[in-house]
Amino acid sequence: MAMVGLFWITEESVWVGAEAVGAATGVRLTEDGVETVGVDQGRSWGWDQVRRIDVRDVAVRSAARRLASVALDSVLVAVTGAGGFPPDYTVRVETDTDADAVEVSVASAVTGGIYTPVEYELSRTLLARLTDGAVAVGELLAWGRDHATDGTPPREEREALLRKWTGDDSH
């Protein structure tokens, strides 16, 4: 499995946030549409029914501040022995079939739970492009089949992948 932006990509699945395991809640993106999983979830919609996927409460900091936060957390864990889980954030799925949007809490896929502004914005753009049909989940799945077992790529490579998938040729 590999983390690229807000996405957890395996050889078989694309998740917004970390892969939901056990009773944990999560949002899985498939070639057919969007699925929510976990306690009191179990809903799915075809891509033609999904109007928008948004993320809220995501921890975003510059690369330097993210590195400092992760280092501080590591020191605190070493000193106190108490380790916490990365913070959750909210994925909001708006559809043509539901009067109200469905909100699901997902675990952050990145170490320390903090994303860089570039990965965050590119991930939001990718969610919009998936929703409007400009990009197919199959592109992410194909990458996952070829590369997910290698683990999470370095930041520059993650950003390049997100730019490729979003069609952002500015860099």
Side-chain angles (χ1 to χ4, degrees), residues 1-39 41-47 50 53 55 58-61 63 66-67 69-71 73-74 77-78 83-91 93 104-131 133-171:
M1 73 206 93
M3 188 277 302
V4 178
L6 297 177
F7 305 94
W8 182 273
I9 304 172
T10 70
E11 294 177 30
E12 299 152 1
S13 299
V14 175
W15 295 84
V16 182
E19 179 178 13
V21 178
T25 55
V27 176
R28 180 175 31 224
L29 308 178
T30 70
E31 292 187 81
D32 295 326
V34 178
E35 301 174 351
T36 58
V37 300
V39 176
Q41 294 301 323
R43 312 247 341 246
S44 64
W45 305 269
W47 283 111
V50 178
I53 302 171
V55 291
V58 177
V60 179
R61 293 193 183 98
R66 180 189 179 283
L67 182 62
S69 292
V70 171
D73 288 347
S74 297
V77 168
F85 292 104
D88 290 349
Y89 60 89
T90 302
V91 178
V93 181
V104 179
S105 179
V106 301
S108 176
V110 68
T111 302
I114 302 168
Y115 296 88
T116 65
V118 172
E119 281 191 274
Y120 173 70
E121 288 303 327
L122 287 168
S123 295
R124 293 186 74 215
T125 300
L126 182 54
L127 284 170
R129 299 201 29 97
L130 287 164
T131 301
V135 176
V137 171
E139 288 186 51
L140 284 72
L141 288 169
W143 180 87
R145 282 188 292 276
D146 293 339
H147 301 285
T149 57
D150 299 337
T152 298
R155 181 180 53 84
E156 296 81 14
E157 188 176 332
R158 295 190 310 265
E159 290 176 7
L161 281 167
L162 289 166
R163 282 190 174 84
K164 174 185 165 191
W165 292 331
T166 61
D168 180 346
D169 298 328
S170 64
H171 291 265

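Keep in mind that this is a model prediction, so the values were computed, not measured. Start at 1 with the first residue, then count along the sequence.
Rounded to the nearest 0.5 Å, atoms CG (L122) and CH2 (W165) are 11.0 Å apart. We find the CG-NZ distance between L161 and K164 to be 6.5 Å, quoted to the nearest 0.5 Å. Distance CZ/F7 to CD/E119: 10.5 Å, rounded to 0.5 Å. Put simply, CD1 on I53 and CG on L127 are 5.5 Å apart, with the number rounded to the nearest 0.5 Å. Annotation: the span from E157 atom CD to E159 atom CD amounts to 11.5 Å, rounded to 0.5 Å.
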Sequence neighbours excluded and cut-off under 3.5 Å, please list the side-chain donor-acceptor pairs for residues 141-150, or say none.
none

Using a 3.5 Å cut-off and no angle test, enumerate the donor-acceptor pairs between side-chain atoms of residues 19-31 and protein atoms at least two apart in sequence or in another chain.
from: T25; atom 1: OG1; to: S105; atom 2: O; distance (Å): 2.4
from: R28; atom 1: NE; to: E35; atom 2: OE1; distance (Å): 2.7
from: R28; atom 1: NH2; to: E35; atom 2: OE1; distance (Å): 2.9
from: T30; atom 1: OG1; to: D32; atom 2: N; distance (Å): 3.1
from: T30; atom 1: OG1; to: G33; atom 2: N; distance (Å): 3.0
from: T30; atom 1: OG1; to: G33; atom 2: O; distance (Å): 3.1

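Under the 4.5 Å side-chain criterion, counting only non-hydrogen atoms from C-beta, W15 is in contact with V37. Side-chain contact between V106 and L6 is absent, with no heavy-atom pair separated by less than 4.5 Å. Residues V93 and V104 form no side-chain contact, since every pair of their non-hydrogen atoms from C-beta on lies 4.5 Å or further apart.
Looking at Y115, its side chain never comes within 3.5 Å of a backbone N or O of S108 through a donor-acceptor pair. A donor-acceptor pair under 3.5 Å is formed between the side chain of R158 and the backbone N or O of P153. With T125 contributing its side chain and T166 its backbone, the two residues share no donor-acceptor pair below 3.5 Å.
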Give the C-alpha distance, both sets of side-chain angles, the deciding distance and a yes or no for side chain to side chain contact (heavy atoms under 4.5 Å, CB included) between E139 and L126. CA-CA 11 Å; E139 288 186 51; L126 182 54; over 6 Å; no
Apply side chain to side chain contact (heavy atoms under 4.5 Å, CB included) to the pair V55 and Y120, showing each step before the final yes or no. CA-CA 10 Å; V55 291; Y120 173 70; 3.8 Å; yes
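Here the closest non-hydrogen pair linking S123 and G5 is OG-CA, 3.3 Å. The minimum heavy-atom distance linking T152 with M3 is given by the pair OG1-N, 2.9 Å.
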